Amino acid sequence: MDNFKKKVLDLIKSVPRGKVTTYNEVARALESPGAARAVGQALNKNERPVKIPCHRVVKSDGRVGGYKLGRLAKMKLLQDEGVIIERERVANFNEVIYFF
DNA sequence: ATTATGACCGAAG
DNA sequence: GCTTCGGCCATAA
């Protein structure tokens, strides 16, 4: 049970290509609402390209948010997956996944 | 135990 | 649309 970060990583592994989720949603799904910031910390520590799609996690307002390797890299990865981004924001915000 | 940090959020101006 | 500010929560020191 410690592994807050493990839970975070496991969860976001289920986010499919071309879709995104938010830090807030992840926190909520882990039953730690409000822990959005902590989620960011977890992702930051576990930078693991490709295997764990930490680039598919964005801010709740649709803006891209941060990334260990820079927002540029994050946006590039997303666009390669078909996510449309304009001015730091996800255009098709309807493609967000929610873990009820 | 206390403090600081950060890939955040929401409300307010 | 923007910026600022207070509040959140898990880590690290």
Side-chain angles (χ1 to χ4, degrees):
Chain A
M1 310 324 173
D2 55 277
N3 311 32
F4 175 77
K5 83 181 167 192
K6 188 178 199 309
K7 288 196 285 186
V8 171
L9 299 178
D10 281 342
L11 184 57
I12 68 175
K13 262 187 293 188
S14 67
V15 179
R17 270 184 63 119
K19 297 203 177 178
V20 297
T21 187
T22 72
Y23 297 99
N24 215 4
E25 269 303 307
V26 175
R28 224 182 50 178
L30 296 181
E31 301 184 327
S32 303
R37 252 177 134 160
V39 171
Q41 282 300 317
L43 295 179
N44 185 34
K45 253 202 157 181
N46 252 42
E47 158 91 27
R48 200 143 260 106
V50 186
K51 188 63 180 174
I52 298 167
C54 32
H55 56 276
R56 296 188 193 141
V57 186
V58 302
K59 292 198 178 188
S60 63
D61 60 2
R63 292 204 323 248
V64 178
Y67 196 60
K68 189 75 179 310
L69 310 178
R71 309 194 292 292
L72 298 161
K74 186 169 183 176
M75 295 194 290
K76 186 174 189 305
L77 285 170
L78 288 172
Q79 295 187 87
D80 285 348
E81 297 183 348
V83 178
I84 311 299
I85 295 179
E86 27 185 90
R87 300 221 190 95
E88 302 272 310
R89 280 190 238 131
V90 179
N92 34 350
F93 204 43
N94 52 319
E95 294 291 328
V96 192
I97 105 161
Y98 296 100
F99 313 96
F100 283 63

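On a predicted model such as this, the values are computed, not experimentally measured, just so you know. In the text below, chain A, chain B and the rest are named by the order of the sequence lines, each starting its count at 1.
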Ion pair check, [X] and [Y], cut-off under 4.0 Å:
| X | Y | result |
| --- | --- | --- |
| A:E25 | A:R28 | yes |
| A:K13 | A:D10 | yes |
| A:D61 | A:R63 | yes |

Side chain of A:T21, backbone of A:I97: donor and acceptor closer than 3.5 Å?
-> yes
Is the side chain of A:K74 donor-acceptor paired with the backbone N or O of A:V64 at a distance under 3.5 Å, no angle test?
-> yes
Close residues, residues 25-44 of chain A, relative to DNA chain B [heavy-atom separation under 4.0 Å] = A:A36, A:R37, A:A38, A:G40, A:Q41, A:L43, A:N44
Atom pair distance, as rounded to whole Å: [atom1] in [X] and [atom2] in [N]:
| X | N | atom1 | atom2 | result |
| --- | --- | --- | --- | --- |
| A:R48 | B:dA7 | CZ | C1' | 16 Å |
| A:F4 | B:dG6 | CZ | C1' | 13 Å |
| A:E88 | C:dT3 | CD | P | 12 Å |
| A:R63 | C:dC2 | CZ | P | 7 Å |
| A:K68 | B:dC8 | NZ | C1' | 18 Å |
| A:D61 | C:dT3 | CG | P | 12 Å |
| A:R87 | C:dG1 | CZ | P | 10 Å |
| A:K5 | C:dC9 | NZ | C1' | 16 Å |

Between atom CG of A:L43 and atom NE2 of A:H55, what is the distance when rounded to the nearest 0.5 Å?
-> 11.5 Å
What distance separates A:L77 CG from A:M75 CE, expressed to the nearest 0.5 Å?
-> 11.0 Å
Hey, does the side chain of A:S60 come within less than 4.0 Å of B:dC8's phosphate (OP1/OP2), counting only N and O?
-> no
Between B:dC8 and A:K59, is there an OP1 or OP2 to side-chain N/O distance shorter than 4.0 Å?
-> yes
How would you label the contact of A:Y67 with the nucleic acid (heavy atoms, under 4.0 Å): base, sugar-phosphate, or nothing?
-> base
Ranking C:dA10, B:dC9, B:dA7 by distance to the side chain of A:N24, first place goes to B:dC9
